[in-house]
Amino acid sequence: MNETRNGTTEDPQYDVVVVGAGAAGLSAALVLTRARCRVAVIDAGEPRNAPAAHLQGFLSRDGMAPAALLAAGRAEVAGYGAHLVDARADHIAPAPDGFSVRLAGGPALTARRVLVATGLRDELPDLPGVREQWGKDVLHCPYCHGHEVRDRPLGVLGGRPGAVEQALLLRQWSPDVTLFAHTAEVTDEERERLDARGVRTVEGRVKRLSTADGRLRGVELADGRETPREAVFVLPRPVPGDTLLTGLGCAVDETGWVRVDPTGRTSVPGVWAVGNVADRRAQLITAAGAGSAAAIALHHDLVDEETARAVERLRAAKTPAPAPAPAVRAPDQ
């Protein structure tokens with residue numbers, strides 16, 4: 001994995017190819033390059049948090065622009081010798097000594113191990129105003145954005161599992177929270193909990209989120225009623241970017257997400273998956289931690305493999321060559 005290792009002509013170009021250069025992928029690459037592994041990081045340049053102006057809740061980086069965090073991470077891993085590849089990986093396949101990672105419109109990289117950190121995409125409700133204001137005043141995570149909209153009139157768009165719980169949770173940040181039931185029916189038990197928490201419920205299908213001068217103005221219902229709101233929280237449907245993993249045959253769980261162990265190891269030997277591609281709840285700071293943990297486990301796996309090969313070579317060197325067979329004299333004629 002470095003200049004001192006016993007290289008052979010069968011060694012692939014890289015020890016590890018990391019696919020995805022978000023917090024999880026770059027954190028893994030940082031640990032691996034510091035462990036003197038040969039690492040390539042493939043970056044398609046489509047981070048999930050691109051619409052957000054600031055990241056929150058990341059110790060020592062609170063309020064930093066997401067793009068600035070990624071730029072700093074790229075510079076760090078490049079400084080340790082990682083090869084940064086601005087491209088999209090479109091296929092991973094087994095290779096004689098590991099894996100082949102094919103780039104879209106380009107060559108394939110070979111590696112002994114692969115770590116996939118391709119994240120997820122948020123499938124948003126198909127309502128006017130949602131996508132336009134996404135990451136501004138249409139938000140999804142109270143822990144990421146609640147403090148920034150504290151004490152303001154907040155809304156929660158219903159229609160997806162968890163909306164009632166999100167409305168109850170947001171009451172921590174504002175005394176003025178309204179749940180818009182939209183396409184869902186609020187049960188008597190849910191209404192009692194909302195009432196007890198001081199959360200207002202508005203029945204009726206939502207038509208759109210109205211805006212003025214580029215800012216959210218309120219929530220308009222199909223019957224024409226409009227409730228002024230300064231921020232609305234929605235629960236997008238998370239869709240994992242896992243086609244590279246499922247194409248390799250990685251097992252998925254009962255919810256359809258790739259199954260991993262606590263270190264991110266998948267069911268396919270030599271393949272790890274970390275961050276939002278394997279954990280829909282991972283935030284930036286937990287994704288970075290998962291990347292670090294996966295890198296350490298992956299490095300141990302590489303060392304174990306190299307040690308086993310070294311033992312085989314040592315045993316072969318110690319085994320004496322077989323004595324030549326005695327010459328057989330031809331019988332007298």
Side-chain angles (χ1 to χ4, degrees), residues 46-56 66 119-187 190-191 193-195 197-242 255-257 276 280-283:
E46 298 175 349
R48 178 190 182 193
N49 59 5
H54 306 283
L55 62 88
Q56 316 293 162
L120 62 79
R121 63 178 175 86
D122 294 301
E123 191 173 89
L124 300 175
D126 187 19
L127 287 173
V130 171
R131 184 165 296 281
E132 293 85 346
Q133 301 302 118
W134 181 242
K136 303 171 186 175
D137 38 29
V138 174
L139 311 166
H140 78 289
C141 173
Y143 295 102
C144 301
H145 309 291
H147 186 80
E148 282 62 48
V149 294
R150 64 194 182 279
D151 299 325
R152 292 162 62 183
L154 306 180
V156 174
L157 180 64
R160 281 194 50 79
V164 170
E165 295 302 321
Q166 190 175 50
L168 294 169
L169 188 64
L170 279 167
R171 184 61 181 79
Q172 180 71 22
W173 282 272
S174 174
D176 185 357
V177 179
T178 298
L179 171 68
F180 296 90
H182 189 37
T183 57
E185 181 178 346
V186 180
T187 67
E190 289 172 334
R191 192 179 303 278
R193 297 179 69 208
L194 291 164
D195 289 344
R197 187 77 166 143
V199 176
R200 179 188 175 202
T201 302
V202 173
E203 305 285 352
R205 182 180 289 270
V206 174
K207 178 181 179 181
R208 67 186 180 105
L209 303 185
S210 60
T211 60
D213 299 323
R215 298 188 63 83
L216 181 70
R217 185 179 68 187
V219 178
E220 181 181 338
L221 301 185
D223 61 10
R225 288 178 293 158
E226 182 169 333
T227 303
R229 295 289 91 180
E230 294 185 16
V232 169
F233 284 75
V234 304
L235 287 165
R237 188 174 79 88
V239 180
D242 60 3
T255 67
W257 287 67
N276 281 143
R280 73 194 75 187
R281 296 178 181 84
Q283 296 181 309

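- Within the 4.5 Å cutoff, the side chain of Arg237 has heavy atoms near those of the Arg160 side chain.
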Candidate pair His145 and His147, rule side chain to side chain contact (heavy atoms under 4.5 Å, CB included), full reasoning: CA-CA 6 Å; His145 309 291; His147 186 80; over 6 Å; no
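- Remark: the backbone N or O of Leu168 is paired with a side-chain donor or acceptor of Arg197 at under 3.5 angstrom.
- Here Arg205 contributes atom CZ and Lys207 contributes atom NZ; the two are 13.0 Å apart, rounded to the nearest 0.5 Å.
- Residues Gln133 and Leu209 have side chains not in contact (no heavy-atom distance under 4.5 Å, counting atoms from C-beta outward).
- Using modelled atom types, no side-chain atom of Thr201 and backbone atom of Leu179 make a donor-acceptor pair closer than 3.5 Å.
- With 3.5 Å as the limit, one finds a donor-acceptor pair spanning the side chains of Glu226 and Ser210.
- The two residues Asp151 and Pro175 have their closest heavy-atom pair at OD1-CD, 3.9 Å.
- Side-chain contact check for Phe233 versus Val138: every heavy-atom pair is 4.5 Å or farther apart.
- Residues Val149 and Ser174 form no side-chain contact, since every pair of their non-hydrogen atoms from C-beta on lies 4.5 Å or further apart.
- With respect to the salt-bridge test (charged N to carboxylate O, under 4.0 angstrom), the residues Asp223 and Arg225 qualify.
- Between Ala53 and Pro66, the shortest heavy-atom distance links the atoms O-CD, 3.6 Å.
- The neighbour count for Arg48 CZ, taken as heavy atoms of other residues, nucleotides or ligands under 6.0 Å away, is above 12.
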Test side chain to side chain contact (heavy atoms under 4.5 Å, CB included) applied to Glu220 and Val206, step by step: CA-CA 6 Å; Glu220 181 181 338; Val206 174; over 6 Å; no
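- Between Val199 and Val177, some side-chain heavy-atom pair lies under the 4.5 Å cut-off.
- The distance from atom CG of Leu216 to atom CZ of Arg152, rounded to the nearest 0.5 Å, is 9.0 Å.
- Considering every non-hydrogen atom in both Ala167 and Leu194, the closest pair reads CB-CD2, 4.1 Å.
- Across Arg171 and Gly198, no two heavy atoms sit closer than the pair NE-O, 4.1 Å.
- Between Glu123 and Arg121 the shortest side-chain heavy-atom distance falls below 4.5 Å.
- With rounding to the nearest 0.5 Å, the separation of CG in Leu124 from CG in Leu235 is 11.0 Å.
- Of the possible donor and acceptor atoms, one in the side chain of Glu190 sits under 3.5 Å from a partner among the backbone N and O of Thr187.
- Between the side chain of Asp242 and the backbone N or O of Trp257 there is no donor-acceptor pair closer than 3.5 Å.
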Leu154 vs Val232, side chain to side chain contact (heavy atoms under 4.5 Å, CB included): CA-CA, chis, key distance, verdict: CA-CA 6 Å; Leu154 306 180; Val232 169; over 6 Å; no
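- Taking both residues in full, the closest heavy atoms of His140 and Pro236 are given as CB-CD, 3.9 Å, listed atom of the first, atom of the second, then distance.
- Arg229 pairs with exactly one of Val156, Asp176, Asp137 by the side-chain contact (heavy atoms from CB on, under 4.5 Å) rule, that one being Asp176.
- You'll find the side chain of Leu157 reaches within 4.5 Å of the side chain of Pro125, heavy atoms only.
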From CA spacing to verdict: side chain to side chain contact (heavy atoms under 4.5 Å, CB included), Asp126, Arg131: CA-CA 8 Å; Asp126 187 19; Arg131 184 165 296 281; over 6 Å; no
Glu165 vs Arg193, salt bridge (Lys or Arg N to Asp or Glu O under 4.0 Å): CA-CA, chis, key distance, verdict: CA-CA 10 Å; Glu165 295 302 321; Arg193 297 179 69 208; 2.6 Å; yes
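- Rounding to the nearest 0.5 Å places CZ of Arg217 at 7.5 Å from OG1 of Thr211.
- Here the side chain of Gln166 pairs no donor or acceptor atom with the backbone of Ala163 at under 3.5 angstrom.
- Ring geometry for Tyr143 versus Trp173: interplanar angle over 60°, hence perpendicular rather than tilted (30 to 60°).
- A salt bridge links Glu203 to Arg191: at least one charged side-chain nitrogen sits closer than 4.0 Å to a carboxylate oxygen.
- When all heavy atoms are compared, the tightest approach of Pro228 to Pro153 is O-CB, 4.3 Å.
- One side chain, Arg280 or Thr255, offers a donor N or O that lies under 3.5 Å from an acceptor on the other.
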